Student: 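Shown below is the structure under consideration.
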Amino acid sequence: MIKAIKGTRDILPPESAVWNRVEETAREVLSVYGFSEIRTPVFESTELFARGVGADTDIVAKEMYTFDDRDSRSLTLRPEGTASVVRAYLEHQLHRDPQIWKVYYLGPMFRRERPQKGRFRQFHQLGAEVLGSDHPAIEAEVIELLQLFLDRIGVGETELLVNSIGCGHCRPGFLRKLQVALSEIEDRLCQDCRRRCRSNPLRVLDCKREACQPVIERLPSILEFLDEPCRLHFDRFLGYLERRDIGFRIVPRLVRGLDYYTRTTFEITSRGLGAQNALVGGGRYDGLAEVLGGQPTQGFGFALGLERVILLSRQGDRPASAGQPQLFVAPLGEPALDRASLMAREFRRQGIHCFMDFAPRSLKSALRLANKLQAGHVLIVGENELKTGQFPLKRMRDGRQILVSETEVVSRLENGF
RNA sequence: GUGAGUGUAGCUCAGUCGGUAGAGCACUGGAUUGUGGCUCCAGCGGUCGUGGGUUCGAUCCCCAUCACUCACCCCA
C-alpha cells in the first residue's frame, strides 16, 4: 500500500473545515489591517534560501528539500516564506511605489526534520511582511494583529516574548564579548552548548537545559550592548506595546535561528503544544534585501505555524455546521434514479444543497443514510411517484410528510415546509 | 542525525504465563412488502506491521527491519 510520505499528512473532512475557518479568519484580520495576499512559487532557486536564510543555519545546512532540475539548476522546496516575498519585492521593483508594502501568504513549507508533535515535513505557515518601514509602531501593530487573530480563533494562554538583537553596528561588539565570556565558562556547559560556542554562539543563550541556566544567566546580555539608535528603537517598540495593553516578557536570550534578523525579534509561545511551543516567530530584517542583491529595504514580519495554532484552537470543538444537505433525494430503482438525478440538477441550480446517492438502496437504508448525513428533508422518488407526479417530501426533524409536485419542492423547502 | 515507547478488525483497544484471536463503535441485513433516529437479532470484517530464529507448535519469547508517536536537536 502506498502511504503518505513521513512528516506529511492528509487533512480530511471534517478537519478541513476547521482549516477553512482559521484561514478565513486570518484573511479577514489581515485585510482589515491593510495586508494583501501574495502567492509565490513553492519552489525557488536554491541560492535564494542559501543567501536569504543563511548558509550556516540548520534549515539550509540539513533540512532543505533540494534537487537538480533537468537543466541542472538547483531548486529547493521553500522552507519558509520571507525570502520569496523579498525576492518578489525586488524583482518587481516595488520600492518605486512610495507607500509601504504589506503582504501576507498562506501555504505549505517544507523542512526535512524528524516529525514530532506540532512538527511536520510539509507544514503550513501564515506569514505577513511589511516592507519599506523601520518604524517601531508598525511592529507593535503587527503584534496587535496577531493578538486579534489568535483571539478570534480561540487560542488562549499565549505568551509574547520580545527582544532586540541589535544591528550590524552593535551586534559584532556583543558577539566578541560573548565569545570571550563563553571561552571562560565553556567547561561548565552541556555538550550541545560547547558545540554552539563555536558554531553559533548566540544559540547558547537559548539552551533549555536546567544545568546550563545558572551559567547562562551570568553571560552578557545583548541589551547592554545596543547602540543608541537600536536602544531607542527597542524602547519605543515596548512603549507602543504598553499603550496597547499588550503584555510581554523581555527575554534577552531570545535569538532567532535565521541570520537576517536585526533589532526587534519576538515569539509567541504556548503551553500545551509539547516541546515545539513556538506558535509564531518574527522580527525585523533590515539587512535581508541587500543580502539578496537588492536595494537596502527595511522589513518586518512574522510566520505562524498553522498546524500548531489549529492544535490549540477551540474551533475544532465546534461541530461542523456546513455540509448538511437541505434535501436528500432517495430514488427507488434504476428508472427512478435517472429521473431523480435530473430533478436534483434542477434543485441545485436553484441553490438547494442537495445530496444524491447512487447505490441501489432500500428506502429504509436511504433514510438511514439521510439521517446520518443530518439531511433536513428527504424526497422520495419511486415508480408510483413518477406516474402520479406527486412526491413524498419528508421533514426529518419530526417525520412529517407531505405530497408535492416537482415544481413545488424548492418553494416548500424555502418557505418552511 | 540520536534516544525511548508503541504496532492485534475501518476506528478505539482487550487478550493468549507459547496451542493460529475478542469487545465496543462503524458497516450490511432483518424484526417493519416503500419510511430514519431508540431497541433487539444476525452478518461482514484480521497473513495479530514485515522478515528471520528458537520450538512439535510463535500473535505471544529472541534478533533484525519498517512504520507511527514522543523527546533531543532545531524551529512555525
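Chain letters run A, B, ... following the sequence lines, proteins first, then strands; residues in each count from 1. Bear in mind that the values here come from a model prediction, so they are computed numbers and not experimental data.
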Student: Identify, with sequence neighbours excluded, every residue that meets side chain to side chain contact (heavy atoms under 4.5 Å, CB included) alongside A:Arg397.
Tutor: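 Scan of A:Arg397 (side chain to side chain contact (heavy atoms under 4.5 Å, CB included), adjacent residues dropped) gives A:Arg395.
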Student: Between the side chains of A:Arg51 and A:Glu47, is the shortest nitrogen-to-carboxylate-oxygen separation below 4.0 Å, so that they form an ion pair?
Tutor: yes
Student: Taking the C1' atom in each of B:U6 and B:A14, what is the distance between them to the nearest angstrom?
Tutor: 16 Å
Student: Base, sugar-phosphate, or nothing for A:Gly399, non-hydrogen atoms under 4.0 angstrom?
Tutor: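 Base, at least one base atom sits under 4.0 Å.
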Student: Taking CH2 from A:Trp19 and C1' from B:A76, how many angstroms apart are they, rounded to a whole number?
Tutor: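 Taking atom C1' of B:A76 as the reference, CH2 of A:Trp19 is at 11 Å.
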Student: Please classify the nucleic acid contact of A:Arg400 as base, sugar-phosphate, or nothing, using heavy-atom distances under 4.0 Å.
Tutor: nothing
Student: Under 4.0 Å between a Lys/Arg side-chain N and an Asp/Glu carboxylate O for A:Asp58 and A:Lys62?
Tutor: yes
Student: Between C1' on B:C75 and CG on A:Leu306, what's the gap in Å once rounded to a whole number?
Tutor: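 It is 15 Å, rounded to the nearest whole Å.
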Student: Is a donor-acceptor contact shorter than 3.5 angstrom present between the side chain of A:Arg114 and the base of B:C74?
Tutor: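 Between B:C74 and A:Arg114, which were checked side chain against base, a qualifying N/O pair under 3.5 Å is absent.
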Student: Quick one: which of A:Val142, A:Leu148, A:Leu146 gives a side-chain contact (heavy atoms from CB on, under 4.5 Å) with A:Tyr33?
Tutor: A:Leu148
Student: Which residue is it: A:Gln122, A:Arg78, A:Arg121? I am looking for the one with a side-chain contact (heavy atoms from CB on, under 4.5 Å) to A:Tyr65.
Tutor: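 Considering A:Gln122, A:Arg78, A:Arg121, a side-chain contact (heavy atoms from CB on, under 4.5 Å) with A:Tyr65 is found only for A:Arg121.
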Student: To the nearest Å, give me how far apart CZ (A:Arg119) and P (B:G1) are.
Tutor: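 To the nearest whole Å, that distance equals 13 Å.
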Student: Can you tell me if A:Glu129 and A:Tyr104 form a side-chain donor-acceptor pair at under 3.5 Å?
Tutor: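 No, no side-chain donor-acceptor pair sits under 3.5 Å.
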Student: Quick one: ring-ring contact (aromatic ring centres under 6.0 Å, His included) partners of A:Phe35, sequence neighbours excluded?
Tutor: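 None.
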Student: Check the pair A:Thr76 / A:Thr66 against side chain to side chain donor-acceptor pair (under 3.5 Å), numbers first and verdict last.
Tutor: CA-CA 4 Å; A:Thr76 293; A:Thr66 295; 2.8 Å; yes
Student: Could you work out, with ring-ring contact (aromatic ring centres under 6.0 Å, His included) as the rule, every residue matching A:Tyr240, not counting sequence neighbours?
Tutor: A:His135
Student: Answer yes or no: does a side-chain N or O of A:Gln116 lie under 4.0 Å from OP1 or OP2 of B:A71?
Tutor: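 The answer is yes; a side-chain N or O of A:Gln116 sits under 4.0 Å from OP1 or OP2.
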Student: CZ of A:Arg111 versus P of B:C73: gap in Å, rounded?
Tutor: 17 Å
Student: Are A:Glu139 and A:Arg284 within salt-bridge range, i.e. N to O under 4.0 Å?
Tutor: yes
Student: Is a donor-acceptor contact shorter than 3.5 angstrom present between the side chain of A:Arg112 and the base of B:C74?
Tutor: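 Side chain to base: no pair below 3.5 Å.
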Student: Could you tell me whether A:Glu406 and A:Arg339 make a salt bridge, using a distance below 4.0 angstrom between a side-chain N and a carboxylate O?
Tutor: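 Yes.
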Student: Between B:C68 and B:U50, how many Å separate the two C1' atoms, rounded to a whole number?
Tutor: 15 Å
Student: What is the separation between atom NE2 on A:His377 and atom P on B:G36, rounded to the nearest whole Å?
Tutor: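 Rounding to the nearest Å, NE2 of A:His377 and P of B:G36 are 18 Å apart.
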Student: Taking side chain to side chain contact (heavy atoms under 4.5 Å, CB included) as the definition, give me every residue that meets it alongside A:Leu403, ordered by chain and number, with sequence neighbours left out.
Tutor: A:Gln390, A:Pro392
Student: Going 5' to 3' along nucleotides 24-35 of chain B, which nucleotides have protein heavy atoms under 4.0 Å from the base (write B), which only from the sugar-phosphate (write S), and which from neither (write -)?
Tutor: ---SSS----BB
Student: Go along nucleotides 38-44 of chain B 5' to 3' and tag each nucleotide: B for a protein heavy atom under 4.0 Å from its base, S when only backbone or sugar atoms are that close, - otherwise.
Tutor: -------
Student: Which whole-number value in Å describes the distance from A:Tyr261 OH to B:C74 P?
Tutor: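 Answer to the nearest Å: 17 Å.
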Student: Not counting sequence neighbours, which residues clear salt bridge (charged side-chain N to carboxylate O under 4.0 Å, His left out) with A:Arg176? List them please.
Tutor: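 Counting only residues at least two positions away or on another chain, A:Arg176 forms no salt bridge (charged side-chain N to carboxylate O under 4.0 Å, His left out).
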Student: Quick one: which protein N/O atoms are closer than 3.5 Å to N/O atoms of nucleotides 65-67 of chain B? Pair and distance per line, please.
Tutor:
from	atom 1	to	atom 2	distance (Å)
B:A67	O2'	A:Lys3	NZ	3.3

Student: I'd like to know if A:Glu37 pairs up with A:Arg39 as an ion pair, taking the criterion as any Lys NZ or Arg NE/NH1/NH2 lying under 4.0 Å from an Asp or Glu carboxylate oxygen.
Tutor: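 Answer for the salt bridge query: yes.
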Student: Are any of the side-chain nitrogens in A:Arg9 or A:Glu15 under 4.0 Å away from the carboxylate oxygens of its partner?
Tutor: yes
Student: So what does the secondary structure string of RNA chain B come out as, 5' to 3', with Watson-Crick or wobble pairs under 3.5 angstrom, [ ] for crossing and | for pairs with another strand?
Tutor: (((((((..((((.....[..)))).(((((.......))))).....(((((..]....))))))))))))....
Student: Give me the distances for all protein-to-nucleotides 5-11 of chain B N/O pairs that come in under 3.5 Å?
Tutor:
none

Student: Scan A:Gly118 against the nucleic acid and name what it touches under 4.0 Å (heavy atoms): base, sugar-phosphate only, or nothing.
Tutor: base
Student: Assuming nearest nucleotide by heavy-atom distance, tell me which of A:Ile268 and A:Arg395 is located more 5' along RNA chain B.
Tutor: A:Arg395
Student: By side chain to side chain contact (heavy atoms under 4.5 Å, CB included), which residues pair with A:Ile352, not counting sequence neighbours?
Tutor: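 Residues passing side chain to side chain contact (heavy atoms under 4.5 Å, CB included) with A:Ile352: A:Gln326, A:Leu327, A:Phe347, A:Cys354, A:Val410, A:Leu413, A:Glu414.
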Student: For A:Lys117 and A:Leu279, find the nucleotide of RNA chain B closest to each by heavy atoms; which residue's nucleotide sits nearer the 5' end?
Tutor: A:Lys117
Student: Which residues pass the salt bridge (charged side-chain N to carboxylate O under 4.0 Å, His left out) test with A:Glu141, sequence neighbours left out?
Tutor: A:Lys102
Student: Do the side chain of A:Glu113 and the base of B:C72 come within less than 3.5 angstrom through a donor-acceptor pair of N or O atoms?
Tutor: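 Absent.
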Student: From the set B:C75, B:U69, B:G36, return the single nucleotide nearest to any side-chain atom of A:Pro115.
Tutor: B:U69
